[in-house]
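Just below is one structure, and these are the notes that go with it.
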Amino acid sequence: MTGILVIAETRNGTIHKTTREAAGAAMELSRRRSVPAAALLLTETQLAGELGALGFSTVYTVEGERYGKYNSESYTAAAAHAARQCSANIILMGATGMGRDLTARLAARLNGALASDVIRIHYDSDPVSVVRPVYSGKLLAEVELPGSPRIISLRPNVFEPASPSGQQAQVVRLDPDTASIRAQVKQAIQAAQGVLDVTEADIIVSGGRGVGGPEGFGVIRDLAQVLNAAVGASRAAVDSDWIPYKHQVGQTGKVVSPVLYIACGISGAIQHFAGMGSSRFIIAVNKDPDAPIMNKADFAIVGDLFKVVPVLKEELIKILN
Amino acid sequence: MTIVVILKQVPDTEAVVRPDPSRPQGILTEDVKFILNPYDEFAVEEALSIAESTGGEVVGICIGPAEAESAVLTALAMGVDRAMMITDPGAVETDIVTKGRILAEAIKPLNPSLVLCGREWIDTQEDALAAVIAEYLDLPHVGNVGKLSVESSKLTAVREMDGGSLEIESTLPAIVSCSKDLNEPRYPTLIKIKRAKTKEIKSVTLSDLNLAFEPPRSRVKILSSPPARQAGRVVKGEPDATARDAVAWLSDEAKII
Ligand SMILES: Cc1cc2nc3c(=O)[nH]c(=O)nc-3n(C[C@H](O)[C@H](O)[C@H](O)COP(=O)(O)OP(=O)(O)OC[C@H]3O[C@@H](n4cnc5c(N)ncnc54)[C@H](O)[C@@H]3O)c2cc1C
Ligand SMILES: Nc1ncnc2c1ncn2[C@@H]1O[C@H](COP(=O)(O)O)[C@@H](O)[C@H]1O
C-alpha cells in the first residue's frame, strides 16, 4: 500500500474548493514521498480533465445513477474500489458534511485509521502524523496513525489549494460492485438561492442575543449580503427562536474557520469561541468593552450594533464598488 | 422493538481543559465536571419517545472508565431501561474506528431495530461513530439527523448537509446519529434519578465479546494548547468613524477587501 488517493467533491459543475485543498496536500505528500497521487470523481465526470490538471497521475471515474447524489453505501463501495486500484495508503478528502460521513464509513470498510477535520499534516513523519482540534478547539492533538490505510479529512480553508499544472491525467473508468443500497436519498433539499452555509463561507457575519429579536438579524443579513458572507448565530439567538439551528456556531453548533468572522452582539462565551476561535480574523461589535470577545478580536468596535453595522455596510459598499 | 443508544461521558462544555504534563495524551481531570455527551441526550430522548410509541426496550451502551457510570446514570434517569458498560483499557483508550468495531460486537446479540448515537463526541470532536458501527454490522446509517420518523420496517430521516439537507429513506435495522433539531431532551425527575440507581448496568469485557486486544489505529501523541489569540485594536466613538476605521483595517492590514 503506497499510493495517495483524493476523493473529489463537486458542486453544480465545479470542483469544490476543499477538493483543491486536498489536492494541494496530496501533491505535497506525493512530492516528498515520490509516490503518485490519484483522484476519484464520482459525479460530473466532465470535470475529470480539470481535476487531473491539479497534478494527479490518474483520475478514476464511475458512472451511473447510484452516484447521482451522495449516498454513503454506493460512495463507500466506489471509494474502497478506487483505494484498492491505486493501493492507497493515504486517502484525503475535505471535511465537508459528505467528506466526514464518507471517510468514516470508508475507514471501517478498509479497516484503516481515521483522522477527521485535520488542520496540519506532518508531511515528513513516517507514518504520517496529523494535528486536529479537540475539546472544541480548546486543545490541539497531534495524532499518530499507525493503522493503514490512513483516511484523513481536511478542515476547509486551512490547506493551500493545488494550482492547475499543464499536466494531463490518465482517466480510468471503474466499475465497482455496489451490492445493496438500503438507505436511499428521496429528496435533496437545497438551501434557498444565495444562502451560504456557515461551513462553506469565507466570511461569516454572526448575531447574538444583542440583536434583540428575529428582526434584529436584518442588519446582520444586509451586511452579510454585501460581503457575500454566510449568516451565523450564537446559541442564545437560536434558543430564542430568532434564527434556525443550522446557523448556530459553537461547541454544539458548527465549527467554522472562515477568513473573517464578524461577531455582532455576541459576548464570546467559551462554547461560542470553541466554534469560531480558529477564524483567521475576528471583528467584534459589542457595546460592552469588557465582553470576553473584545480581547480576542483582531478588531473590536465598542458600540451599538444597530448603529455600527449599517454604517459598516455603507462604507463597504463604497469601497467594493 | 429494541433500540440501542450509545453513550459517552465528556468534560462539561464550560470546562477549562488542560493537558496533563505527566500524561501528555490526557487532560487534567481534577477540576473538570463530566457530563453525558450533549448530543447523546438527543439520541436518548429520541429512543425513549420511539419506544414509548412503538413499545420496546431501550438499552444504553457506554465505553468509558468506571467513572463514566455517572453519564450512564443520567441516561437511565431519563428513562433508558438498562445499560452495558465496557471499561477495558483496550476499549477506553483506543481510536473511534476500533471503538465502533467493539460497539458493533456488543450490539449484535441485542439484535436491535435501531441504534442511535449523538451527532458528535464533543471531546474528541469526532462524528464517525454511526457510520463505523453501521459498516461493521453491515447496516445502513444516516448521520447528522435533524428529523426522524420510524415505522415498523423503515425510517425516514432528514440529514443536514452543508448548504441543504437530504431526505433519506432506509430499511431497518439502521444506525442514526442525532442532531439538536430532533427534539428537546427531557430532564430526569428526582424520583427517576433515584430509580436509575436500581437499574441494571452490566459490565461487559472484550473477552465477553470474543475480541482480542488490538493496537489502536490512531493515537494521540501529545495534546497542546492552541496559540492564544492576542487582543487586537479596540476602537470606540462615533459609529461613522469606527466603521471607517474597520474598513481601512480590512483593506490595509487584513487585506481582505
Ligand atoms: C452545553 C452547552 C453548549 C453550548 N453550545 C453553544 C454553542 O454551540 N454556541 C454558542 O454560541 N453558545 C453555546 N452555549 C451557550 C453559551 O454559553 C452562551 O450562553 C451563548 O454563547 C451566549 O450567546 P450571546 O453571546 O449571543 O449572548 P450574551 O452572552 O447574552 O451576549 C450578548 C452580547 O451582546 C452585547 N449587546 C447587547 N446589545 C447590543 C447592541 N445593541 N449592540 C452591540 N452589542 C450588544 C452585550 O454586551 C453582550 O456582550 C452553550 C452552552 C452550554 C451549556
Ligand atoms: N468522571 C470522571 N472523573 C474523573 N476522571 C475521569 C472521569 N471520566 C474520565 N476520567 C479520566 O479521564 C481520562 C480520560 O481522558 P482521556 O484519556 O483524555 O480520554 C482517564 O484518565 C479517566 O480515568
Side-chain angles (χ1 to χ4, degrees), chain A residues 72 96-97 100-101 104-105 107-109 113-117 133-136 138-147 182-191 197 199-200 245-246 251-252 259-260 270-271 281 283 294-303 307-308 311-312 315-316 319-320, chain B residues 11 13-14 17 19 38 96-97 100 122-128 131-132 135-136 140-144 160-171 174 180-181 215 217-226 229 231-236 239-240 242-244 246-247 249 251 254 256-257:
Chain A
S72 67
T96 57
R100 296 192 68 156
D101 198 65
R105 190 139 192 159
R109 173 82 45 104
L114 176 68
S116 53
D117 207 21
V134 291
Y135 299 100
S136 315
K138 293 172 195 169
L139 296 178
L140 298 177
E142 184 177 334
V143 181
E144 303 175 297
L145 302 169
R182 296 151 297 186
Q184 297 277 1
V185 176
K186 287 284 150 204
Q187 203 192 148
I189 307 149
Q190 288 297 317
D197 192 85
T199 55
E200 305 234 285
Y245 168 60
K246 66 168 191 275
Q251 187 149 25
T252 50
V259 177
L260 174 65
I270 190 162
Q271 295 96 342
F281 294 106
I283 294 183
M294 299 302 262
N295 61 28
K296 298 204 185 87
D298 301 286
F299 197 93
I301 304 174
V302 183
K307 299 207 173 99
V308 175
V311 195
L312 193 54
E315 291 295 326
L316 282 164
I319 194 165
L320 291 171
Chain B
T13 58
E14 287 281 350
V17 289
I96 190 162
V97 181
I122 66 161
D123 53 353
T124 62
Q125 274 183 257
E126 290 173 300
D127 58 5
V132 170
E135 180 62 27
Y136 284 118
H141 83 275
V142 192
N144 202 17
E160 294 157 19
M161 298 278 280
D162 345 291
S165 52
L166 298 175
E167 188 184 279
I168 293 173
E169 198 174 276
S170 171
T171 56
K180 172 172 162 172
D181 273 340
R217 302 143 196 251
S218 74
R219 195 164 44 215
V220 174
K221 202 158 92 186
I222 192 160
L223 289 172
S224 60
S225 300
R229 278 198 99 97
R233 283 259 297 282
V234 181
V235 297
K236 55 184 97 178
D240 286 347
T242 55
R244 266 197 301 275
V247 172
W249 175 83
S251 71
I256 291 175
I257 52 169

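Convention: sequence-line order gives letters A, B, ...; per-chain numbering from 1.
In this structure, chain B has a heavy atom under 4.5 Å from the side chain of Ile283(A), while its backbone stays farther away. With a threshold of 4.5 angstrom between heavy atoms, Leu140(A) approaches chain B through its backbone and through its side chain. The part of Ile270(A) that comes within reach of chain B is its side chain, from C-beta onward, which places non-hydrogen atoms under 4.5 angstrom from that chain. For chain A, the nearby parts of Ile122(B) are the backbone and the side chain; heavy atoms of each come within less than 4.5 Å. Pro11(B) touches chain A through its side chain: at least one heavy atom from C-beta onward sits under 4.5 Å away, while N, CA, C and O do not. Residue Val235(B) touches chain A through both its backbone and its side chain, counting heavy-atom pairs closer than 4.5 Å. Proximity to chain B (any heavy atom under 4.5 Å) is shown, for Ser136(A), by both the backbone and the side chain. Residue Pro19(B) touches chain A through both its backbone and its side chain, counting heavy-atom pairs closer than 4.5 Å. Contacts of Glu142(A) with chain B are made by both backbone and side-chain atoms, with heavy-atom separations under 4.5 Å. Both the backbone and the side chain of Gln187(A) come within contact range of chain B, each with at least one heavy atom under 4.5 Å from a heavy atom of that chain. With a threshold of 4.5 angstrom between heavy atoms, Leu316(A) approaches chain B through its backbone and through its side chain. The contact between Ala297(A) and chain B is made entirely by backbone atoms, counting heavy-atom distances below 4.5 Å. When heavy atoms are compared at a cutoff of 4.5 Å, Thr96(A) approaches chain B by way of both its backbone and its side chain. When heavy atoms are compared at a cutoff of 4.5 Å, Asn144(B) does not approach chain A at all.
Across His141(B), Glu135(B), Lys221(B), Arg244(B), the residue that shares the most heavy-atom pairs under 4.5 angstrom with chain A is Glu135(B). Interface check for chain B: of the options Gly147(A), Ala107(A), Gly303(A), Ala115(A), the most heavy-atom pairs under 4.5 Å are formed by Gly147(A). The greatest number of non-hydrogen atom pairs below 4.5 Å with chain A, out of Ile96(B), Thr13(B), Thr242(B), Ile168(B), is found for Thr13(B). In terms of heavy-atom pairs under 4.5 angstrom with chain B, the leader among Asp197(A), Asp117(A), Leu145(A) is Asp197(A). The candidate from Ala174(B), Pro239(B), Ser251(B) with the greatest count of non-hydrogen atom pairs under 4.5 Å with chain A is Pro239(B). No other option in Val142(B), Ile222(B), Val220(B), Val132(B) has as many heavy-atom pairs under 4.5 Å with chain A as Ile222(B). Options Pro226(B), Ala128(B), Gly100(B) differ in how many heavy-atom pairs under 4.5 Å they form with chain A, and the most are formed by Pro226(B). When each of Ile319(A), Val302(A), Ile189(A), Asn295(A) is checked for heavy-atom pairs under 4.5 Å with chain B, Ile189(A) comes out on top. Contact tally against chain A (heavy-atom pairs below 4.5 Å) for Pro38(B), Ala131(B), Ser165(B), Gly164(B): the top residue is Ser165(B).
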Should Ser218(B) and Leu114(A) be marked as a side chain to side chain contact (heavy atoms under 4.5 Å, CB included) after you check the CA-CA gap, both sets of side-chain angles, and the distance that decides it? CA-CA 7 Å; Ser218(B) 74; Leu114(A) 176 68; over 6 Å; no
With salt bridge (Lys or Arg N to Asp or Glu O under 4.0 Å) as the criterion, how do Lys186(A) and Glu167(B) come out once you've worked through the C-alpha distance, each side chain's angles and the decisive distance to 0.1 Å? CA-CA 5 Å; Lys186(A) 287 284 150 204; Glu167(B) 188 184 279; over 6 Å; no
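With no hydrogens or angles considered, no side-chain donor-acceptor pair links Ser116(A) and Glu126(B) at under 3.5 Å.
Considering only residues two or more places apart in sequence or on other chains, Pro146(A) meets the side chain to side chain contact (heavy atoms under 4.5 Å, CB included) condition with Glu144(A), Arg219(B). Residues satisfying the ring pair (Phe, Tyr, Trp, His ring centres under 6.0 Å) criterion with Phe299(A), sequence neighbours excluded, are Trp249(B).
Residue Tyr136(B) holds its OH atom at 11.0 Å from CZ of Arg105(A), rounded to the nearest 0.5 Å. We find the CG-OG distance between Leu166(B) and Ser72(A) to be 10.5 Å, quoted to the nearest 0.5 Å. Atom CG of Asp240(B) sits about 11.5 Å away from atom NZ of Lys307(A), to the nearest 0.5 Å. Interatomic distance, Lys236(B) NZ to Met294(A) CE, rounded to the nearest 0.5 Å: 8.5 Å. Distance check, rounded to the nearest 0.5 Å: OG1 of Thr199(A) to CD of Glu160(B) gives 11.5 Å. Distance check, rounded to the nearest 0.5 Å: CZ of Arg100(A) to CE of Met161(B) gives 13.0 Å.
Atom NZ of Lys180(B) sits in a crowded spot, with more than 12 heavy atoms from other residues, nucleotides or ligands closer than 6.0 Å.
Among all heavy-atom pairs drawn from Val308(A) and Ala243(B), the shortest one is O-CB, 4.3 Å. Of all non-hydrogen atoms in Ala113(A) and Arg217(B), the two that sit nearest each other are CB-O, 3.3 Å. Heavy atoms only, all atoms of each residue included: Ile301(A) and Ala246(B) are closest at CD1-CB, 3.8 Å.
With contacts defined as side-chain heavy-atom distances shorter than 4.5 Å, the pair Leu139(A)/Ser225(B) qualifies. Looking only at side-chain heavy atoms (C-beta outward), Gln125(B) and Pro133(A) come within less than 4.5 Å of each other. Put simply, the side chain of Val134(A) does not reach to within 4.5 Å of the side chain of Asp123(B), judged on heavy atoms.
Salt bridge present: Arg229(B) and Asp298(A) bring a charged side-chain N and a carboxylate O closer than 4.0 Å.
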